[in-house]
Amino acid sequence: MNFIKKIAPGLIICTLIAQLGLFFGKFIPSIGGAPLAIFIGLLAGNTFAKSKIFAPGSKFSESDLLSYSIVLLGGTLSFNTILQLGFSGIIFIILQMGLTITLAMFIGKKLGFSKHFSALMASGNAVCGSSAIGATSPVIKANDNDKGISITIVNLTGTLLMFALLPVANYLYSYNTLKTSALLGGILQSVGQVIAAGSMVNHNVLEISTIFKIVRIVFLVIVVIWCSKEFKNNDLKKNTQIALQKEGYSKNKKSLSIPWYIIGFFILCAFFSFGLIPESFSKVFKLISSKFEIIALAGIGMRINISELIKQGPKASLYGIFVGISQIVIAVILIKIFL
C-alpha cells in the first residue's frame, strides 16, 4: 500500500501526459502520440511537475512499465520475426557496440573528460542508456556527479537522435524495414526511444528495431565485465553481480544472468510461436503493451533534467553530439556492409 501511495502521483501524471500525447497525435499524425508524450513529459518535468513527489512514479513508469511492455510484446511476435535479424544482424550489433565504446572513450579523452566519465558515456550510448550507466557505475566506482551528468546527456542525446534518424532512414533506405530497424535499434539509447522512433515509421519497424535493441541489452553483461577489467577492479564477481542486480538482472548469486523482462519476452515469444497464445490474447497483449509504452515515454520525458544539462556547459553537450554523430556514421557503414 505504501508503495502504491508513493508512485501514485507520478504514475497518474505520466498517464495523463500519455493521453494528451495520444490526443494531440491525432491532429499531428506525422509525429504521432509517442514523441509528443516525451515532449509534454519533458515540459512538465522541467516546469510544474518538478516536485520530488512525482519522481517515484515517473521512475516506475520509465522502467517498470516499460519492462512489462517488453514482456507483453513477446506475446505478439513469433521466432520467425526475430530470425529476420539473421547472423549478419547480430554481427552488426556487436561491431556497432564495440566501435561506439571505442570512439566514445577516444572522444572523451580528447575533450578532457575523465576515464570514468567517458566509460559511463560509452556504456550508456553503446547499450541501453541510463540502465547501462547504472550498471557500470558501481563497477568502475564512478562518483554520483559523473553518473548524473552522463545519464542526462545520454537521455537528451537519444531524444534528439530519435527525430534526427528518421530523415536519415528515409533518405538512405526509403524506410526499408530491416535497415531502418537496424539504424534505430542499433543506435538509440533507450528502449523507449526505439519504440517511439519505430512507431513514427510503422509497426513492423517498431517490432524489428525493438528486437535489435533487445540484443544490445543482452550484451550488457559483457560490457560490464569489460568495464571491470578495464578499470582493474579486483573484486570483479562481487561488484558486477551487485551492479547487474540493481538494474533488474537475476538475483541468482551463483551466476550472472540477463534481465528478467528479456527472459519474459522470449518465453511469451515461444508460447506465441507454438500457438499456445490465442490470437485474441495476442491482440490484448499488444493493446496493453502499447498503453504501457506511451506512459513509459511520458516518464522518460519527465526525467530529462534540462537545467542540469545547462549547468554542465557546452563541452558536455558537445560530447553527446559527437558521440551521436559517430554512432550514425558507424551504423550507416555497417548496415551497408552487413545488411
Indicate yes or no for a side-chain donor-acceptor contact from [X] to the backbone of [Y] under 3.5 Å, with no hydrogens or angles considered.
X: R303; Y: A55; value: yes
X: T81; Y: L77; value: no
X: R216; Y: I93; value: no
X: N46; Y: L42; value: yes
X: H116; Y: N143; value: no
X: K213; Y: Q189; value: yes
X: N170; Y: L166; value: no
X: S69; Y: S289; value: yes
X: Q193; Y: N155; value: yes
X: S174; Y: N176; value: no

Side chains of [X] and [Y]: closer than 4.5 Å at any heavy-atom pair?
X: L220; Y: C128; value: yes
X: K110; Y: F106; value: yes
X: S190; Y: I300; value: yes
X: C269; Y: I82; value: yes

- Item | CA sep, side-chain torsions, deciding dist, call: S123, T136, side-chain hydrogen bond (donor to acceptor under 3.5 Å, both in side chains) | CA-CA 7 Å; S123 63; T136 55; 3.1 Å; yes
- Compute whether any side-chain donor of one residue and acceptor of the other, for S181 and S209, lie under 3.5 angstrom apart. no
- Consider only side-chain N and O atoms of T76 and S282, and report whether a donor and an acceptor are under 3.5 Å apart. no
- Message: Are F113 and Y319, when compared by the centres of their aromatic rings, separated by less than 6.0 Å?
- Response: yes
- Query: Does F266 have its ring centroid less than 6.0 Å away from the ring centroid of W260?
  - Reply: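 No, they do not, as the ring centres are separated by 6.0 Å or more.
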- Task: Evaluate side-chain contact (heavy atoms from CB on, under 4.5 Å) for L165 paired with I187, printing each intermediate quantity in order.
- Result: CA-CA 9 Å; L165 289 177; I187 293 177; 4.0 Å; yes
